[in-house]
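The structure under discussion appears below in the form of structure tokens.
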Protein chains: 2
Amino acid sequence: MEKRADQLRDRLEEEILTSRYRPGDRLDEQSLAAQFGVSRTPVREALFQLVAAGLIEHRPHRGTFVSEVGPRHLMEMFEVMAELEAMCARLAARRVDASRLAAIEESHRACEAAAESGDMDGYYYENEAFHDRIRAAGGNAFLREQAAQLHKRLKPYRRLQLRVRNRVAASFREHDAIVAAIRAGDPDAAAAAMRDHVAIQGERFTDLLASLEPHGESRRARD
Amino acid sequence: MEKRADQLRDRLEEEILTSRYRPGDRLDEQSLAAQFGVSRTPVREALFQLVAAGLIEHRPHRGTFVSEVGPRHLMEMFEVMAELEAMCARLAARRVDASRLAAIEESHRACEAAAESGDMDGYYYENEAFHDRIRAAGGNAFLREQAAQLHKRLKPYRRLQLRVRNRVAASFREHDAIVAAIRAGDPDAAAAAMRDHVAIQGERFTDLLASLEPHGESRRARD
DNA sequence: GTCAAGATAATCGTATACAATCTTGAGGTT
DNA sequence: AACCTCAAGATTGTATACGATTATCTTGAC
């Protein structure tokens, strides 16, 4: 059985990633302990893990708060993720074997089906699988882990992406270029295609963000 | 003042990174608590942080052990680090300003001085600064953090590098190419030069490792 | 002699209590 | 009115105790 602290971590992570807790929200140890019917010990343990993952921040004797990412930091993270995923694609183009390639193409077709039927949630889901299979095909387990971690962390910001007009169709076309490059065994093309694919998300998102809060640091008002 | 758990974490991290604790060694909560004159609570907290950093592993009811990295995993980590540092160099070539470039060149000259006088420890130290200034020049704080973290984690393995014959001189020449590319504002050249520079370390090290333990997983004997 | 089942011991996960530290706000002083 | 002082309250960090889980050793049967 999983220990309670880990359950708690997963639960809190989920709640943060789905924006049920918003950036800036305070996570009080005592309240959480009471809320989940446990003592502070496992709560603290869970919080430490989330701090290590960068999801929350801890200000001594002030409280722990859901990290405020800010457009700048967010853009930086997308930039890094683009490079990591590009590296996965490059390696995949170089090292992929038949069965892994087949797996990628299978996910690719699943994306296509979801895109054509306008199933946004389905596309989101299949898209995850698509990317993870490419990461796996790279054959670098450490890289895969790093990329997946960043991916997870950016989850709440990517999800909105797909609601942008025509984004799903565009995303699928980008996937197509990636798959073609991997199939052709062209590492540079695969890397470039993947980098663009991910970088576009970052740009689109910061565009969106910029239009919502033009003043950068100025939104501080909350409770 | 820093809390005791953090002191402990730093202390243990230090002892692991300097190989005073070796891979496979067991870290017993109770012994550590007794040894440092604290209770198990802060010890556990410190251990959790090290687990999150990947330095140690936790097997329930078995104990916590210093991570055994293994040649494969090590090579993977070098591969990723090469890419991250290459990205830093690429960004640096694109975005660097006069003062940051001057800082890089200053570190570069310091490396040169250490190399010529055969001061290996000095070279190691200046080399750290050189790389960090390039990371800083990239202007992506998140990337800088990620790269620095990996760098730290690979520290014990890089240090041996410099004892390889002519490695210092070769390393300096590689630095030279990197600086030239950054100064020229050539992102691709900077990235390529940096990637090679770091990748070589990985290759050299795994060469070394392979010559020491030819049988991969076979060394299990210890106390 | 080997293997399995139970007993034993070690370790872990959690709860609770206490101490130390910081924040906050009221009240007084300049 | 602004600033400083200080006490009250809150929150965190640490210690200790206990129950639960699991590894390991013992014992006995085959």
Side-chain angles (χ1 to χ4, degrees), chain A residues 1-16 20-68 217 220-223, chain B residues 1-16 20-68 217 220-223:
Chain A
M1 192 185 98
E2 205 179 20
K3 62 180 181 178
R4 279 190 273 224
D6 289 340
Q7 296 177 26
L8 237 126
R9 168 177 49 75
D10 292 341
R11 174 76 177 276
L12 289 176
E13 180 180 291
E14 170 76 13
E15 306 227 329
I16 292 171
R20 216 168 351 225
Y21 284 118
R22 311 290 293 273
D25 282 0
R26 176 152 181 273
L27 299 175
D28 182 47
E29 292 181 3
Q30 300 198 120
S31 312
L32 290 173
Q35 183 179 336
F36 289 98
V38 296
S39 79
R40 273 177 52 223
T41 311
V43 173
R44 299 192 89 226
E45 194 175 306
L47 291 181
F48 279 120
Q49 297 193 43
L50 293 176
V51 166
L55 279 174
I56 63 180
E57 284 168 13
H58 194 77
R59 259 117 76 185
H61 294 102
R62 280 262 181 111
T64 56
F65 303 84
V66 178
S67 296
E68 312 237 19
E217 304 297 285
R220 269 261 149 242
R222 168 184 291 277
D223 54 346
Chain B
M1 191 186 95
E2 207 178 18
K3 64 180 181 178
R4 280 190 273 226
D6 289 342
Q7 295 177 26
L8 233 114
R9 167 178 50 74
D10 292 340
R11 174 75 177 274
L12 289 176
E13 180 180 291
E14 170 75 12
E15 306 227 329
I16 292 172
R20 218 171 345 229
Y21 284 118
R22 312 288 295 274
D25 282 0
R26 176 154 182 271
L27 299 175
D28 182 48
E29 292 181 3
Q30 300 200 116
S31 312
L32 289 173
Q35 183 180 335
F36 289 98
V38 297
S39 79
R40 273 178 52 222
T41 310
V43 173
R44 281 172 63 82
E45 193 176 304
L47 291 181
F48 278 120
Q49 296 193 43
L50 293 176
V51 167
L55 280 175
I56 64 179
E57 285 168 11
H58 193 78
R59 260 114 77 186
H61 296 281
R62 280 258 178 121
T64 57
F65 303 85
V66 177
S67 295
E68 311 237 20
E217 306 295 287
R220 269 261 150 242
R222 169 184 292 273
D223 56 345

When rounded to the nearest 0.5 Å, the distance separating OG1 of Thr64(A) from CD of Glu57(A) is 10.5 Å
Distance, nearest 0.5 Å, that separates CD of Gln49(B) from CG of Leu55(B): 11.5 Å
Nearest heavy-atom neighbours spanning Arg40(B) and Ala33(B): N-CB, 4.1 Å
To the nearest 0.5 Å, tell me how far Asp28(A) CG sits from Gln35(A) CD. 10.0 Å
Quick one: stems for DNA chain D, with Watson-Crick or G-U pairs under 3.5 Å, at least three in a row? C:1-30 with D:1-30
Under 4.0 Å protein heavy-atom contact, by nucleotide of nucleotides 9-20 of chain D - B base, S sugar-phosphate only: --BBBBBBB---
Shortest non-hydrogen pair, Arg9(B) vs Leu50(B), comes out as CG-CD2, 4.1 Å
Pairwise N/O distances under 3.5 Å, protein to nucleotides 6-8 of chain D:
none

Nearest heavy atoms of Leu47(A) and Glu29(A), plus distance in Å: CD1-CG, 3.8 Å
If you measure from CG on Leu8(B) to NZ on Lys3(B), what distance do you get to the nearest 0.5 Å? 11.5 Å
Quick check with a 6.0 Å cut-off and a 45 degree axis cone: is Arg11(A) positioned over the face of Phe36(A)'s six-membered ring? no
Over all heavy atoms of both residues, which pair between Val66(A) and Ile56(A) is shortest? Give the atoms and the distance, please. CA-CG2, 4.1 Å
Just verifying a value: how many Å separate Glu45(A) CD and Phe48(B) CZ, rounded to the nearest 0.5 Å? 3.0 Å
